[in-house]
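All heavy atoms count here, side chains included; hydrogens, waters and symmetry mates do not. Here is the naming used below: chain letters follow the sequence lines, and residue numbers restart at 1 for every chain.
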Amino acid sequence: MTNSVVEAPPAQVPDELTPGHSRWHGLRPYAPLAALVVAAIVPYSTLNLPGVFEGPLNSPGTLQLLAVCLVFGGLAAGYDLLFGRTGMLSFGHALYFAAGVYGTDVLITRAGLPLWQAALLTVTGGTILAALLGAVALRTVGIAFAMVTLAFAQVGAILVARDFGGLTGGEEGLPLDVAGLPSALVGVANTVNLYWLALAYLALVVFVVHRVSGSPTGRVLAGLRDDERRIGVLGLDPYRFKLVAFTLAGGLASAGGVVYCLVVSGASPHVTSSELTLSLLVMVVLGGPGTRWGPVLGGILYMYLDHRLTAFGTSDVVNSLPAFLSHPLSQPLFVLGTVFILAVYFFPGGLASLRSRLHPLLVALRRSRPSRS
Amino acid sequence: MSTVILLALTGLGLAALYFLVASGLSLVFGLADVLNFAHGLFLGVGAYATWWAAGNLPGAGPSGFGFVVAVAFGVLAGAVVAVLVELVLIRPLYSRTIEQVLVTVGLSLAGVALLQATWGADARPFPRPAWTREVTSVLGANVPNAGLLLIIAAVLVLGGLLAFLRFTRYGLIIRAGVENREMVTALGIDVRKAFTLVFAIGGAAAALAGALGGVYFGTVSPGQGGSLLIFAFIVVVIGGMGSVVGSAYAAVAVGLLQQFVNYYGTSGLGDLCVVGLLAVVLLLRPQGLAGKVAHA
Amino acid sequence: MTEPVLSVENLSVRIVGLHILQGVSFEVASAGVTVLLGRNGVGKTTTLRAIVGLTPRNGEVRGTVRMGARSLLARPTHRLVRDGLGYVPEDRCVFAGLTVAENLRLAERRGTAPAYDKVFALFPELDRRGRQRAGSLSGGQQQMLAIGRVLLNDNRLLLVDEPTKGLAPKVVTEVAEVLERVAESVPVLLVEQNLAVVRRLAHDAVVLSAGRVAWTGNAQDLLLETALTKSLLGVGSEVKA
Amino acid sequence: GSPQDTASGGGDAAPVKVGLVYSQSGPLASYGKQYIEGFKAGLDYATKGTGKVGDRKIELTEVDDAGDPAKAVSAAKDLIGKGYKIIGGSSSSGVALQVAPIAAQNKVLNISGAAATDAITGANRYTFRSGRQSYQDVVTAKSFIGDATGKKVVVFAQEGAFGDANEAAVKAVIGGAGATVSSVRAPASATEFTPFASQIKNAKPDLLFVAWAGTTAPTMWQNLDQQGVLASTQVVTGLDLRASWPTFGAAGSKISFLSHYFEGASDNEAAKALKAKVGTIDLFHPDGFAGAQMVVRAVQEGGDDVEKMIKALEGWQFDGVKGQMTIRPEDHALLQPMYQAKLSGSGTEYTATAQKTLTGDETAPPVTQMKG
Amino acid sequence: MLATRGLTWRIGEVAIVDSVYLDLAPGEFLGVIGPNGAGKTSLFNLITGLRRPTEGRVLLDGEDVTALPPHRRARLGLGRTFQASSVFGSLTVRENVRLAVQAHRGGSMKLWRRAAADREVAAAADAALDRVGLAHRGTALAGTLAHGEKRKLEIALLLAGEPRVMLLDEPMAGVSAEDVPELVAVIKSLTGDSGRSVLMVEHHMDVILELADRIAVMHHGALLACDTPDTVMANATVQEAYLGEAL
Ligand SMILES: Nc1ncnc2c1ncn2[C@@H]1O[C@H](COP(=O)(O)OP(=O)(O)OP(=O)(O)O)[C@@H](O)[C@H]1O
Ligand SMILES: Nc1ncnc2c1ncn2[C@@H]1O[C@H](COP(=O)(O)OP(=O)(O)OP(=O)(O)O)[C@@H](O)[C@H]1O
Ligand SMILES: [Mg+2]
Ligand SMILES: [Mg+2]
């Protein structure tokens, strides 16, 4: 079955490689910038969105939640470089994220390094780890590749749980020692800085993925997704290109780990679980693989639901329902799982396809109006 | 000597459990090409249904023939749930492999949460005949009867599955359908029925594993299926995707390796060795130990 | 002339916004070979697939297709085939992972005796390679398997899509002979590029152009009129075989 | 507005807002359920049914962390950002360890819940605990062997921090008293324990201390029993939730239990009040109860001033469900009675009976250095 | 230029390709014919490195390349098309060719450059598309092309790589009669001037006869004959094994 290469995700032409047609064509390059500016000034808004967030936009709780969402938006975008754009189904991407989280935490808390050194070492280490493991795992393809990466991630999970030398804190996790951190990153009042940090990470990932996808290398990656054998016959070594994508994605994930470690101020074995990789896949598909904004939106939405559904489950609305409804609904995972299944059905191309799916509807609406105009 | 026998037999018991879980997974994966993450849910359904039946179903009970009835009910429940899942969730997505994986992931999240919402997060004592708690002395080693029960069940399941694939037309239809559904239809065959059948068998096998796992563990809890699943995946992959015989070999290798390394090496090394074995097998033989079920 | 075995009326197919067939109407006579011609990409394959109900999920089919009194479009493919509509697809679609024998066994239908002797008489190669995986057959051998698979059963109509594509001249001749013999008992709707084969087999011809029917009539008449073939099919004098 | 304004606390008659972050869903949901039931009963008891301290109502906000430290941290930050001065509730050690520093960084009172990790004791000035810690379990276990000198003790624990902590505690407590301590460790994910059981059997210990949590525990006990370990040596372990009692099966009567709490272990006003509220008392009800008592005390003495709250709690002695409890000022350890118990019964009906009660002083852990 | 020395590929007992000795001179056009299943595609797979031979060697410019992976051989100037069209379905037609051009010119491992900005690549790609007459389909997704169009794209991909030795596996299969002369002209124009060598499998005899300098006949994996068209066509064995009686 190994030759049945994992089916590439629903074909999506990389945005970067297709010219735009719309009348907004000229403005489109600036849309991401505008979005970034809007996101950056969110903490200045006291807007209250009841039901959406617990407090006003600038409250620490909301900013913390948003920061977590943004990190995962970035993580999903990085994972999409593998899955959506190169067609590699890795089940072990959480490993590099976890390496980032634990690397930072251990270097700061146990080794007492300053943040910038810890971050630098961690990202370098995470990238090298991805390169080494990728070099081995990429000798296989398809489902076998997925399983080897899963196995490597499983080793990571076991090592963290074994708590060698008391480094990782085992199943209890390792709270981050904030004594050595810049004070701007410590304390609830400074949550806004963590938010900006997370936003910067997201922007960085999106920019890198965008640049790489639109580069000559990105073109090769897109080709690999369709037909690896053909790439070889064109004179390019598929292995090298896949390894580059794998390493890059791993490096981006470990950078995400650094940020996440700061945002939640600690490491816990949750981040080594294979469920995390699965949820990355969920995020990407929810958003739309191979698109620029899909995975980002998917990551943000997934994390948002994951956090907010716990509140939903205990809300009065749910509690007032009859038991056969309120019991399942009070289980966040039940709601998340159900939402997810519905999403697969009703948004097959992910959120990113929403626009094109709505398009015929809009056209039909416009047509159905008498042609007054 | 008796230690080695004890380790070997308990290792085989563990292997049997892995195989029971893996067989359904392997079948559904190899034949219907669905990487079924909801397999753990079928397992849980089987276990809880057996548990429920033993306490509530007339004629069923925790021992003797009543226990057989309870297990039969559990297996039936597993098969029914699997069929429903196939009909409602998987069928509309055929040939969209990734989406199917995603739906089963969603299902495993939601389903386990549903079990938990209904019966609580805590482990419940599992009804089981008294003899399954006892041991049988084999050459001086006290081998748990529950393990022996698992070994017997695993051998029966292996035989049954092979017979199904080798001697029925369904085996053929399913294998062809995996490759090209359209063309099977174009030969005048209703391929959907065959796939539903595969799910039913996979669900029944999982439910049996759940019920016997309950006997073995002595308890049933919502998350039990999930934790077994990761080893089952490893077994399926080492054995060669879709090869039931391969899964059997792999289960034995994994069970024995784990048991012996845990005893003679430091603990926890067993798990690492199993993962190492997986990596080595895949790098040397990416298709797994055995080929596809076609040649089983 | 008797009732046509198949009548297609105003068949229209859209796939993701592309209007591939735009109101195609034609009939297939109850005996002999009716050939469907046209340049690459005019929609010949699309027509056949629409008739057997294999239009891709994202496609939309309009119009009516009747076999006798029965309307076909709403019925699932496997039913149509069981009722006697045999289909040999363009790219052969043998089951690569199954052996040749298994490919044939799969095509057996309940209730009727499979005509293995007939198939093996036509393609002795298939008998000899019974245990080989179909995926490792050469292109020509795969085509034989694809045709043989359909001939195992009695059919009321055969749809055959470019059976000679990529075949050695000798095998092309053989395939043509087989089809000729088959057509004595079952009507065939054939898509074919090889005009030599068309000349030998076809009674009626339907020519598609850009998703519409451009010409219908007697196939031999069509081939005689060089100007017509040139304008409809782009066939010059140099391609004769 | 500015990037962040923090809402300020209210005036004198304004309600006191207390945020409880605990597991309502996830694997520890039943711990959380007992904790909150206990907390509400305790609040009722400590405020004499008014729910008020003076004029000020105690207003509870409950947030689910689903057992995930990241969610708990988010929730804690949210509450603190909204001006809450008192948070608490952590059900699991992982959550407790990550929430504690947040409390210290933001100078709010944190009263940890059911989490048993020793590391919460002395974690920082702002963090207190309302439950027991692993060390107290081990000291209770030691009480089973009397004079430890020359005895052979084996610890059977799962891999990871929980097992490490227990092994270290046994080495310190029982080993320190003169016993030779060795350990057998098994991966937490193991499903087959026969090899470990035969290792233990071969070691022939005088006392076996088992520290095992999780769903595989019943298999583990069964395997130990089948290999004759339970019959050949004295085995001590902690008594878990009532729901787990039937899963010991026949093995249950062969084990000596140390217990944090079970219904009937104590008989005092608080226990009666708790029982009246919750029906059947279980392992973690007393933790919630004590937590509420501590909150009320803190508000009574400290108002909105966290420093005063800490002062009021440090060294405080009170009568909780378990009996006399003392908050040790040096490291905020909660000294409390512990119990030896026996399990009897069959089928699904089991009862625990107290063999001996150890006082808070007898089970006191060594004083640790306050970290922050 | 290209040579095979006793090239053999066995599966089990069966020799799919049986001790083939071939020599392809610079600028030479060698047609390969043979019945279905003779091993022509397999021979191509061995030469391009997609399969490892059980025995024998492949020489390119006198150098032994038997151990090299496909991409290394491609970089030495070996290009091929596939019998079953294999194009990058989710990319546009133009991107397909640009990818091939870029693969040939080097600079694919540039993560930080804008691919679309490379005018030279774009120009070369458009030129290749023009030559096969697909320029008007540039923005269509390759996966949605009709069969005949895919064949043309396949040739464009080959052209883009400017190979010195080209292996064409049934390039005319499924191409409509109208376009055959056009494609023949394209292929002819590739060989005439530059000393490129071509190895082409084709069942359209008229095409082979028009293009080939020599014709190799394969049968049961072995080389039955390799000679000038006239000699080969006159060969009785060839007549019997391959051509059969005319329609
Ligand atoms: N799934 C699809 N999505 C989009 N376009 C399609 C699809 N299938 C076919 N087409 C388009 O429909 C047109 C007709 O295709 P079809 O395969 O029916 O042609 P044909 O006449 O059989 O050509 P050929 O002779 O090359 O086999 C082509 O332009 C093709 O690109
Ligand atoms: N992987 C394989 N395993 C077994 N047999 C194979 C394999 N690949 C090819 N064959 C056999 O090798 C022979 C040659 O096949 P090949 O595809 O090279 O033929 P060809 O000359 O290209 O034929 P065609 O003109 O029909 O394409 C065939 O008999 C085929 O069945
Ligand atoms: Mg066609
Ligand atoms: Mg070929």
Participant: Quick one: list whatever passes side chain to side chain contact (heavy atoms under 4.5 Å, CB included) with C/A96, sequence neighbours left out.
Facilitator: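 So C/A96 forms a side chain to side chain contact (heavy atoms under 4.5 Å, CB included) with B/E179.
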
Participant: Of the listed residues (B/I173, B/L187, B/V191), which shares the most heavy-atom pairs with chain C below a 4.5 Å separation?
Facilitator: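 Sorted descending by pairs with chain C, the first entry is B/L187.
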
Participant: Residues two or more places apart in sequence or in another chain: which of them pass side chain to side chain contact (heavy atoms under 4.5 Å, CB included) with C/R156?
Facilitator: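 Per chain and number, C/R156 pairs via side chain to side chain contact (heavy atoms under 4.5 Å, CB included) with C/M67.
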
Participant: Under 4.5 Å from any heavy atom of chain B, what part of C/R79 do you find: side chain, backbone, both or neither?
Facilitator: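 Looking at C/R79, nothing touches chain B.
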
Participant: Below 4.5 Å from any heavy atom of chain B, which atoms of C/V150 appear? Answer side chain, backbone, both or neither.
Facilitator: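 No part of C/V150 comes within 4.5 Å of chain B.
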
Participant: Measure the acute angle between the ring planes of B/F233 and B/F37, then classify it against the limits of 30° and 60° as parallel, tilted or perpendicular.
Facilitator: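 Answer is tilted, since the angle falls between 30° and 60°.
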
Participant: Just verifying a value: how many Å separate C/L126 CG and C/M144 CE, rounded to the nearest 0.5 Å?
Facilitator: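 Those atoms lie 7.5 Å apart.
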
Participant: Which atoms of B/V184 come close to chain C, meaning under 4.5 Å heavy atom to heavy atom: side chain ones, backbone ones, both, or neither?
Facilitator: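 Backbone plus side chain of B/V184, per the 4.5 Å heavy-atom cut-off to chain C.
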
